[in-house]
Amino acid sequence: MDTSFPKIISVDDHTVEPPGVWQDRLPKKYLDTGPRIVRAPLKEMTFLGGRFKPVMGQPGDDGPIGDWWVYEDLHRPLTRLDTAVGYDRDEIKLEIITYEQMRQGSYDVPARLADMDVNHVQSALCFPTFPRFCGQTFTEAADHELGLLCIRAYNDWMVEEWCGSEAQGRLIPLTLIPLWDAGLAAAEVRRNAARGVRAVAFSEIPPHLGLPSVHTDDWDPFLAACDETGTVIAMHIGSSSRMPSTSADAPPAVGSTITFANCCFSMVDWLMSGKFERFPNLRIMYAEGQIGWIPYILERADVVWEENRAWGGVADKVHRPPSELFAEHVYGCFFDDAFGLRNLDSIGVGNVLYETDYPHSDSTWPKSREVGEAQMGHLDAGTVERIVRRNAIELLGLTDDGLWGGP
């Protein structure tokens, strides 16, 4: 393969929020209940059946010391899984850590850019950590007035600091919405679109969060705002707060193998919802879902639509084959999927985006280029360029050079 592998635009990386994101922005009356960092011991922590359950100890208790986000009654520790790059795979365990024990690029812009340089990455779209992948932390909180302030504070930090001038256009903003109110969500989409944001995080399966499904009209104000502003709906695996698993005692390896399942279920929801015909400019993407599963789901969805739509409840709202809707509205994202790349013709070259998942345990950092070269060696240079860069540039409204242009 040509050694000039394109500079990568990663559509799925992550930021670990610095301690001051909310303390620097919330009104004074909320500083004691809003998100803040507390250093405390760990009493207990499990991750079974797709459920993460940490218990914070009290000062003086035995147990490893780490940094915890404390917000209302929530105690959420920083863990090695949040920022695993730079560690040998066998050293990556479910353990609590402090900021000093994580790679600085997880939360610091100059250090992040340096790590991107090492990994042949030009630009990156970053999902949150403490708010979780679509901001459901604030939806689950008791005080939604505070929750809305927290979402706006996060978005301000994302746009003005994380993706600010220091980032040189190389960090691409991804904002959050108040999931509990579609009208407020629409307003937040428009507020951020006015300053150049073209991506918003959403849940792949909202009913798992106690929210309406995409089959209802409840989300229409939010979807209309995305349609009108060209804002992409970005859904990360686990953004429903429920990773796929098989039993309460299944080890994490089971869920890690089938993480794509949430994306699979979600995509069928969207394809059968009628939303793409009602909102023709709508675009959705599935971060970290990989792509190898997509061809069969499209084949099956087309068969069901063709043969069963009369009794299947979609004849009056889905008027075209789901595979056609997919081609115009849906993007799959991958970082390590040789099988999917061998079946690219059945997915669509224009519907695939590349990612590195920095700084998580699955990340291909610092060898994302090498992985890409090995898995895309059978593809022509133009196809590689589209997957690694061009599709993301067009979808996210980046400059021709692959940078975020700001407001």
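What's counted below: heavy atoms across the whole structure, side chains too, no hydrogens, waters or symmetry copies.
For an aromatic pair to be called close, the ring centres must be under 6.0 Å apart, and Phe130 with Trp22 satisfies this. For Tyr286 and Tyr331, the ring centers are positioned 6.0 Å apart or more. The distance between the ring centers of Tyr107 and Tyr99 falls below 6.0 angstrom.
Under 3.5 Å, the side chains of Ser346 and Asn343 contain no donor-acceptor pair of N or O atoms. Side-chain atoms of Gln375 and Asp336 include a donor-acceptor pair closer than 3.5 Å. Of the N and O atoms on the side chains of Asp401 and Thr399, not one donor lies less than 3.5 Å from an acceptor on the other residue.
For OH of Tyr30, the number of neighbouring non-hydrogen atoms (other residues, nucleotides, ligands) closer than 6.0 Å is greater than 12.
Between His360 and His14, the ring planes are parallel. Angles under 30° get that label, and only those over 60° would be called perpendicular. The aromatic rings of Phe127 and His236 sit perpendicular to each other, their planes meeting at more than 60°, with 30° as the lower class boundary. Aromatic ring pairs are classed by plane angle as parallel below 30°, tilted from 30° to 60° and perpendicular above 60°; the pair Trp219 and Phe222 is perpendicular.
Judged by a 6.0 Å distance limit and a 45° cone about the ring axis, Arg76 is not positioned over the six-membered ring of Tyr71.
Scanning all heavy atoms of the two residues, the minimum distance from Ile172 to Leu125 falls at O-CD1, 3.4 Å. Closest non-hydrogen pair, Asp269 versus His215, comes out as OD1-NE2, 2.6 Å.
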Extract all donor-acceptor atom pairs below 3.5 Å that involve side chains of residues 161-168 and protein atoms in other chains or at least two apart in sequence.
| residue | atom | partner | partner atom | Å |
| --- | --- | --- | --- | --- |
| Glu161 | OE2 | Arg25 | NH2 | 2.3 |

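Considering Asp337, Ile294, Thr383, Ile387 as possible partners of Val352, the one that fulfils the side-chain contact (heavy atoms from CB on, under 4.5 Å) test is Ile387.
Using a distance-only test at 3.5 Å, with no hydrogens or angles considered, a donor-acceptor pair links the side chain of Asp82 to the main chain of Thr79.
Between Arg191 and Asp156 there is a salt bridge, with a side-chain nitrogen of the basic residue lying less than 4.0 Å from a carboxylate oxygen of the acidic one. Using a cut-off of 4.0 Å between Lys/Arg side-chain N and Asp/Glu carboxylate O, Arg278 and Asp227 are scored as not salt-bridged. Between Glu277 and Lys317, no side-chain nitrogen of the basic residue sits less than 4.0 Å from a carboxylate oxygen of the acidic one, so the salt-bridge criterion is not met. Contact check on Glu394 versus Arg283 returns no salt bridge, with no Lys/Arg side-chain nitrogen under 4.0 Å from an Asp/Glu carboxylate oxygen. A salt bridge links Arg195 with Glu160: the distance from a Lys NZ or Arg NE/NH1/NH2 to an Asp or Glu carboxylate oxygen falls below 4.0 Å.
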Residues Thr83, Ser106; criterion side chain to side chain donor-acceptor pair (under 3.5 Å); working and verdict: CA-CA 7 Å; Thr83 171; Ser106 301; 2.6 Å; yes
Worked verdict on Ser323 versus Asp302 for side chain to side chain donor-acceptor pair (under 3.5 Å): CA-CA 6 Å; Ser323 60; Asp302 278 358; 2.6 Å; yes
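Ser363 pairs by the side chain to side chain donor-acceptor pair (under 3.5 Å) definition with nothing, not counting sequence neighbours. Checked against side chain to side chain donor-acceptor pair (under 3.5 Å), Asp117 has the following partners two or more places apart in sequence or in another chain: Arg170.
Glu328 contributes atom CD, which lies 9.5 Å from atom CG of Asn351 (distance to the nearest 0.5 angstrom). Here the OG1-CZ distance, from Thr33 to Arg36, works out to 7.0 Å after rounding to the nearest 0.5 Å.
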